[in-house]
Amino acid sequence: MSIQPVDVVYTAVATAENGRDGRVASDDGQLDVVVNPPKEQGGSGAGTNPEQLFAAGYSACFQGALSVVARREKADVSGSRVTAKVGIGKTPSGGFGLTVEIAASIPNVDAATAQDLIEKAHQVCPYSNATRGNIDVKLSVI
């Protein structure tokens, strides 16, 4: 199933030079970072890497989705935090794949409500919708 945007309100543009061992910059200059493979992949680990950038984007996006769901459910998610862990490794076919763990701390609700909120946020979050069926995403409340 493909998700087709009806009304695109914003498009981010970024350009990479030299792939995983180079530089990535946004067209507006707000993002300009050196990227290097992590030491675990034989790199220097001196810069950030695509998995860290993906984790940063996913956690921020998921936090936003959590806020949308909380407003609908009239739940207090103030003080909440969302952490995304993005793993990379080889697939059985010889390529590379990702795994994601999303962990949320929502201090002002009970554990059952928190679990319900993150499951609903997972249905709303654009990153979750884009990766559904392609990446194993584990959700947990901390």
Side-chain angles (χ1 to χ4, degrees), residues 1-41 43-93 95-142:
M1 175 180 90
S2 151
I3 298 172
Q4 299 295 320
V6 175
D7 184 17
V8 175
V9 295
Y10 172 74
T11 299
V13 178
T15 302
E17 297 172 3
N18 297 320
R20 297 181 67 85
D21 202 2
R23 176 178 163 262
V24 177
S26 61
D27 66 334
D28 63 3
Q30 294 298 310
L31 177 72
D32 191 342
V33 295
V34 171
V35 290
N36 298 114
K39 290 181 181 180
E40 296 84 351
Q41 288 185 307
S44 69
T48 189
N49 59 67
E51 292 71 39
Q52 288 175 328
L53 294 169
F54 188 75
Y58 204 156
S59 63
C61 187
F62 200 93
Q63 180 77 51
L66 180 63
S67 295
V68 167
V69 169
R71 279 192 299 277
R72 290 179 188 166
E73 302 287 320
K74 300 194 182 351
D76 182 4
V77 295
S78 61
S80 63
R81 295 175 61 128
V82 174
T83 300
K85 294 181 182 179
V86 175
I88 184 170
K90 290 188 178 182
T91 64
S93 65
F96 291 89
L98 300 174
T99 63
V100 174
E101 293 181 35
I102 300 287
S105 170
I106 311 172
N108 297 324
V109 299
D110 61 64
T113 301
Q115 187 66 40
D116 182 58
L117 290 171
I118 66 169
E119 288 174 11
K120 288 178 178 173
H122 189 47
Q123 299 305 310
V124 171
C125 176
Y127 275 61
S128 293
N129 288 330
T131 60
R132 194 173 328 285
N134 298 306
I135 296 176
D136 181 33
V137 177
K138 178 182 170 189
L139 303 174
S140 63
V141 174
I142 52 174

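- Taking the side-chain hydrogen bond (donor to acceptor under 3.5 Å, both in side chains) definition, one finds that Thr15 meets it with nothing, sequence neighbours left out.
- Considering all non-hydrogen atoms of both residues, Ala65 and Ala121 come closest at CB-O, 3.7 Å.
- Looking at every heavy atom in both residues, Val35 comes nearest to Gly19 through CG2-O, 3.4 Å.
- Side-chain atoms of Glu119 and Gln115 form a donor-acceptor pair, as typed in the model, at a separation below 3.5 Å.
- Here CG of Asn49 is found 8.5 Å from CD1 of Ile88. Values are rounded to the nearest 0.5 Å.
- Remark: Tyr58 engages Phe54, Tyr127 in a ring pair (Phe, Tyr, Trp, His ring centres under 6.0 Å) (not counting sequence neighbours).
- The salt bridge (charged side-chain N to carboxylate O under 4.0 Å, His left out) analysis of residues 58-70, with sequence neighbours excluded, yields no pairs.
- In this structure Ala60 satisfies the side chain to side chain contact (heavy atoms under 4.5 Å, CB included) test with no other residue, sequence neighbours excluded.
- With sequence neighbours excluded, the residues that form a side chain to side chain contact (heavy atoms under 4.5 Å, CB included) with Asn36 are Asp21, Val34, Ser44, Ala46.
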Practice item. I would like to know whether Val82 and Leu66 meet side-chain contact (heavy atoms from CB on, under 4.5 Å); could you show each step before the answer? Key: CA-CA 9 Å; Val82 174; Leu66 180 63; 4.2 Å; yes
For residues 132-142, which side-chain donor-acceptor pairs fall under 3.5 Å, sequence neighbours excluded?
residue	atom	partner	partner atom	Å
Arg132	NH1	His122	NE2	3.4
Arg132	NH2	His122	O	2.9
Arg132	NH2	Asn129	OD1	2.5

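- Taking all atoms of both residues into account, the shortest heavy-atom contact from Thr91 to Gly97 is CG2-N, 3.5 Å.
- By the salt bridge (charged side-chain N to carboxylate O under 4.0 Å, His left out) test, Glu40 pairs with no residue at all, sequence neighbours left out.
- Judged by distance alone, the side chain of Ser67 and the main-chain N or O of Gln63 form a donor-acceptor pair under 3.5 Å.
- Applying the salt bridge (charged side-chain N to carboxylate O under 4.0 Å, His left out) test to every pair with at least one member in residues 79-92, sequence neighbours left out, gives no pairs at all.
- Partners of Gln41 under the side-chain hydrogen bond (donor to acceptor under 3.5 Å, both in side chains) rule, at least two apart in sequence or in another chain, are Arg20.
- When all heavy atoms are compared, the tightest approach of Ala70 to Leu117 is CA-CD2, 4.3 Å.
- Ser26 is linked by a side-chain hydrogen bond (donor to acceptor under 3.5 Å, both in side chains) to Asp28, counting only residues two or more places apart in sequence or in another chain.
- By the side-chain hydrogen bond (donor to acceptor under 3.5 Å, both in side chains) test, Glu73 is found to be paired with Lys120, residues two or more places apart in sequence or in another chain being considered.
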Taking distance alone, no hydrogens or angles, what donor-acceptor pairs closer than 3.5 Å link side-chain atoms of residues 104-112 to residues at least two apart or in another chain?
residue	atom	partner	partner atom	Å
Asn108	ND2	Asp76	OD2	3.2
Asn108	ND2	Ser78	O	3.0
Asn108	ND2	Ser78	OG	3.0
Asp110	OD1	Ala112	N	3.1
Asp110	OD1	Thr113	N	2.8
Asp110	OD1	Thr113	OG1	3.1
Asp110	OD2	Thr113	OG1	3.2

